[in-house]
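Note that ligands are numbered from 1 as they come in the structure, with each ligand's atoms numbered from 1 the same way.
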Amino acid sequence: MLNNFLKKNFSIKKNEIDLLKFLRANTNIDSGGNKLYDGLGTHSLQNPEELVWAIKKIQEIIKNKKFKNKNFLEFGYAHGFTNTILNKCFNFDKIVSVDIISTAGQSRDSFFANLRFKNIILLCGDSRSKFIEKQISLNGKYDLVFIDGGHDYDVVKNDFEIAKKNISKNAIIIFHDIDASSCDGPRKLWKSILKKKNKGMKTYQYVCKNYKIKYGLGIIVFS
Ligand SMILES: C[S@@+](CC[C@H](N)C(=O)[O-])C[C@H]1O[C@@H](n2cnc3c(N)ncnc32)[C@H](O)[C@@H]1O
């Protein structure tokens, strides 16, 4: 049982196997879970192994106390699954999440349910709009950013540029879909980030290739 999941200091070290089981139970079989696609849009949109890897990496990084990991910015709320899982692990002081609010493919009940029991500001609109950019900035700075909104190159690049302007001195940015089966924007951006990497940046990546649907997570640590 994930008996530590709701406590303040969730430790992935002690709970890794249980967390993986929990994520698999909420994920479709094509993406590495145990669930058959049922058309209800209530499945997690992450690969369970990749998400566990990222949570583990974040916990490792924030052992260094200069990483506060208190304010979280997310591009792409969808139905809020990843938002809730990360919040359960890290208990954020503030979450700002941006989504254009599409009704396609995700459960409306999950959308509402995952807005509860957390300190969240949901910014509804296109992340390329001046209004959204301004609101993100007014609510910053952010210690952790998860980029999984629009997947066209111009959108994901724009989200990255906004993220960079609004992170705290010691911060983590995570990209989803750096090697996705279904889109090319995040892969192209991730490759260009690796080429231009500078001194203050460390990068990590993990792509689980065991299942029909492939995503991939990339992490940049700024310090
Ligand atoms: C793959 S889903 C996000 C999944 C979510 N991160 C999770 O793991 O549960 C991508 C989301 O980005 C949103 N989106 C797409 N283009 C966007 C844009 N230009 N601005 C803001 N949100 C956008 C979509 O509405 C969709 O909900």
Side-chain angles (χ1 to χ4, degrees), residues 19 22-28 30-33 35 37 40-55 58 72-90 92 95-116 118 120-136 139 142 144-163 166 172-187 189 206 208 213-219:
L19 179 60
F22 168 80
L23 295 176
R24 282 187 173 143
N26 284 288
T27 307
N28 288 338
D30 292 333
S31 315
K35 208 173 131 99
Y37 176 65
L40 298 176
T42 55
H43 53 275
S44 164
L45 298 167
Q46 302 292 318
N47 172 299
E49 285 147 68
E50 290 175 2
L51 195 51
V52 166
W53 170 81
I55 291 166
I58 298 168
F72 173 45
L73 170 65
E74 176 184 50
F75 291 90
Y77 173 84
H79 51 16
F81 268 47
T82 302
N83 190 293
T84 293
I85 290 158
L86 291 177
N87 189 50
K88 283 195 185 298
C89 293
F90 299 112
F92 300 113
I95 301 170
V96 174
S97 189
V98 183
D99 204 291
I100 206 164
I101 314 292
S102 147
T103 50
Q106 49 225 18
S107 150
R108 290 175 199 194
D109 287 343
S110 301
F111 174 91
F112 280 109
N114 284 301
L115 288 170
R116 302 181 69 201
K118 52 176 77 155
I120 187 166
I121 297 168
L122 181 62
L123 300 177
C124 304
D126 193 314
S127 62
R128 289 165 293 184
S129 76
K130 284 286 157 220
F131 174 75
I132 295 289
E133 183 173 355
K134 177 106 190 277
Q135 296 306 313
I136 290 174
N139 285 289
Y142 305 95
L144 177 69
V145 183
F146 192 84
I147 300 183
D148 187 21
H151 285 53
D152 289 343
Y153 179 76
D154 66 319
V155 184
V156 73
K157 171 104 172 50
N158 174 72
D159 294 351
F160 180 46
E161 294 305 325
I162 294 176
N166 290 286
I172 302 168
I173 298 183
I174 306 182
F175 291 87
H176 191 231
D177 286 319
I178 58 159
D179 198 13
S181 342
S182 59
C183 59
D184 223 31
R187 179 187 295 109
L189 180 64
Y206 174 48
C208 174
I213 298 178
K214 193 161 57 106
Y215 304 116
L217 287 176
I219 297 181

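Counting only heavy atoms of the protein, atom 10 (C) of ligand 1 lies nearest to D148 O, 3.2 Å. Scanning the protein for heavy atoms near atom 17 (C) of ligand 1, the closest one is G150 N, 3.6 Å. Shortest contact from atom 27 (O) of ligand 1 to any protein heavy atom: D99 OD2, 2.7 Å. Among protein heavy atoms, the minimum distance from atom 19 (N) of ligand 1 is reached at D126 OD1, 3.1 Å. Scanning all protein heavy atoms for the shortest distance to atom 20 (N) of ligand 1 gives S127 N, 2.9 Å. Of the protein's non-hydrogen atoms, I100 N, 3.1 Å is the one closest to atom 22 (N) of ligand 1. Ranking the protein heavy atoms by distance from atom 5 (C) of ligand 1 puts G76 O, 3.2 Å first. From the protein, the heavy atom lying nearest to atom 9 (O) of ligand 1 is T82 OG1, 3.3 Å.
Each of H151, R187, K214 was scored for a side chain to side chain contact (heavy atoms under 4.5 Å, CB included) with D177, with one residue passing: H151. The side chain to side chain contact (heavy atoms under 4.5 Å, CB included) with I174 is formed by just one residue from the set T82, L144, V145; it is L144.
Numbered from 1 in the order shown, with element, the atoms of ligand 1 that lie under 4.0 Å from a heavy atom of Q106 read 27 (O). Each of the atoms 10 (C), 12 (O), 14 (N), 15 (C) of ligand 1 lies under 4.0 Å from some heavy atom of G149. Ligand 1 places these atoms under 4.0 Å from at least one heavy atom of V155: 19 (N).
In this structure, CG in D148 is found 10.0 Å from CG in D159, a value given to the nearest 0.5 Å. Taking CG of L189 as the start and CG of D184 as the end, the distance is 11.5 Å to the nearest 0.5 Å.
Between the side chain of N28 and the backbone N or O of D30 there is no donor-acceptor pair closer than 3.5 Å. Side chain of D152 to main chain of D154: no donor-acceptor pair is present (N/O by atom type, distance under 3.5 Å, no hydrogens or angles).
The aromatic rings of H43 and Y37 stand perpendicular to each other, their planes meeting at an angle above 60°, with 30° marking the opposite boundary. Taking the six-membered ring where tryptophan is involved, the planes of Y77 and F111 are perpendicular, since the angle between them exceeds 60° and thus also 30°.
Judged by the shortest distance from any of its heavy atoms, G125 lies inside the 4.0 Å radius around the atoms of ligand 1.
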